[in-house]
Visitor: 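The structure under discussion is supplied below as structure tokens; questions concerning it will follow.
These numbers come from a predicted model, not from an experiment. For the single chain, residues carry numbers from 1 onward in sequence order. Only heavy atoms go into these numbers, but all of them, side chains included; no hydrogens, no water, no symmetry mates.
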Amino acid sequence: MHASAGSAELTDWQRLAQLYDALLAVWPSPAVRVARLVVLGRLALTGDRAPDLDRIERDLEGLVADGPPYAARDASLALADLARRTGRTEEAAGRYRELLDVVPEGPLREFCRRYAP
């Protein structure tokens, strides 16, 4: 579903949330939890039957603190993205700077570098 939509705006975020809920029920891994929270974050930004952004960010912070390294990194990326999308540019920049310590060279690191002045 991520790849078939023409843009993020055309993505059916409600349907993705349903699919991640179903996946979480059978495979409650940290990776699925992060992916589900990313989708819920996108829904929170649309305002369409939006979940609570504060709760989403708390759940992501929990994964940063207690999740395995790969999930902590992905949750940190999601938190940086949510901060950027909600106009908290200084917070986002700080999060992206921290990610530069753990993201290997490549496109994702360049993305973090662009938003971590």
Visitor: Does a sphere of radius 6.0 Å around CZ in R88 hold more than 12 heavy atoms from other residues, nucleotides or ligands, not counting ones at 6.0 Å or beyond?
Guide: yes

Visitor: Atom CG in L40, atom CG in D59: separation rounded to 0.5 Å?
Guide: 9.0 Å

Visitor: side-chain contact (heavy atoms from CB on, under 4.5 Å) between S29 and L23: does it pass, once the steps are laid out?
Guide: CA-CA 9 Å; S29 74; L23 182 56; over 6 Å; no

Visitor: Closer than 3.5 angstrom, by distance alone: can the side chain of R36 be matched with the main-chain N or O of Y20 as a donor-acceptor pair?
Guide: no

Visitor: Mark yes or no for whether R97, through its side chain, and P117, through its backbone, hold a donor-acceptor pair below 3.5 Å.
Guide: yes

Visitor: Could you pull out the closest heavy-atom pair between A17 and V39, with the gap in Å?
Guide: N-CG1, 3.6 Å

Visitor: Can you see whether Y96 has R113 sitting over its ring - NZ or CZ less than 6.0 Å from the centre and within 45° of the normal?
Guide: no

Visitor: So which atom in V34 and which in A71 form the shortest heavy-atom distance, rounded to 0.1 Å?
Guide: CG2-O, 3.7 Å

Visitor: Do V38 and F111 land in one hydrophobic cluster if side-chain heavy atoms of ILVMFWY residues count as linked below 4.5 Å?
Guide: no

Visitor: Please report the interatomic distance CG(L43) to OG1(T11), rounded to the nearest 0.5 Å.
Guide: 10.5 Å

Visitor: Salt-bridge test for E61 and R95: reply yes if a basic N is under 4.0 Å from a carboxylate O, no otherwise.
Guide: yes

Visitor: Which atom names give the shortest non-hydrogen contact between R109 and D101, and what distance separates them?
Guide: NH1-N, 4.5 Å

Visitor: Decide if atom CD of E110 counts as having more than 12 heavy atoms of other residues, nucleotides or ligands within a radius under 6.0 Å.
Guide: yes

Visitor: Who are the ring pair (Phe, Tyr, Trp, His ring centres under 6.0 Å) partners of Y70, not counting sequence neighbours?
Guide: none

Visitor: Mark yes when over 12 heavy atoms from residues, nucleotides or ligands other than R33 sit less than 6.0 Å from its CZ; otherwise mark no.
Guide: no

Visitor: Does V102 belong to the same Ile/Leu/Val/Met/Phe/Trp/Tyr cluster as V64, with side-chain heavy atoms less than 4.5 Å apart forming each link?
Guide: no

Visitor: Check whether any side-chain heavy atom of L77 sits under 4.5 Å from a side-chain heavy atom of L108, and report yes or no.
Guide: yes

Visitor: Search all heavy atoms of I56 against all heavy atoms of L37 and return the closest pair with its distance.
Guide: CG2-O, 3.7 Å

Visitor: Is there a side-chain contact between E57 and L79, using heavy atoms and a 4.5 Å cut-off?
Guide: yes

Visitor: Which atom names give the shortest non-hydrogen contact between A72 and G67, and what distance separates them?
Guide: CB-O, 4.3 Å

Visitor: From L60 CG over to S76 OG, what is the distance, rounded to the nearest 0.5 angstrom?
Guide: 9.0 Å

Visitor: Could you pull out the closest heavy-atom pair between A80 and L99, with the gap in Å?
Guide: CB-CD1, 4.3 Å

Visitor: Measure the CG-CG distance between L19 and L24 for me, rounded to the nearest 0.5 Å.
Guide: 12.5 Å

Visitor: In terms of side-chain geometry, is the basic nitrogen of R85 or D81 positioned less than 4.0 Å from the acidic oxygen of its partner?
Guide: yes

Visitor: Nearest 0.5 Å, please: how far is CG in L63 from CZ in R73?
Guide: 13.0 Å

Visitor: Is there a continuous path of hydrophobic side-chain contacts, each under 4.5 Å between heavy atoms, that joins V103 to L82?
Guide: no

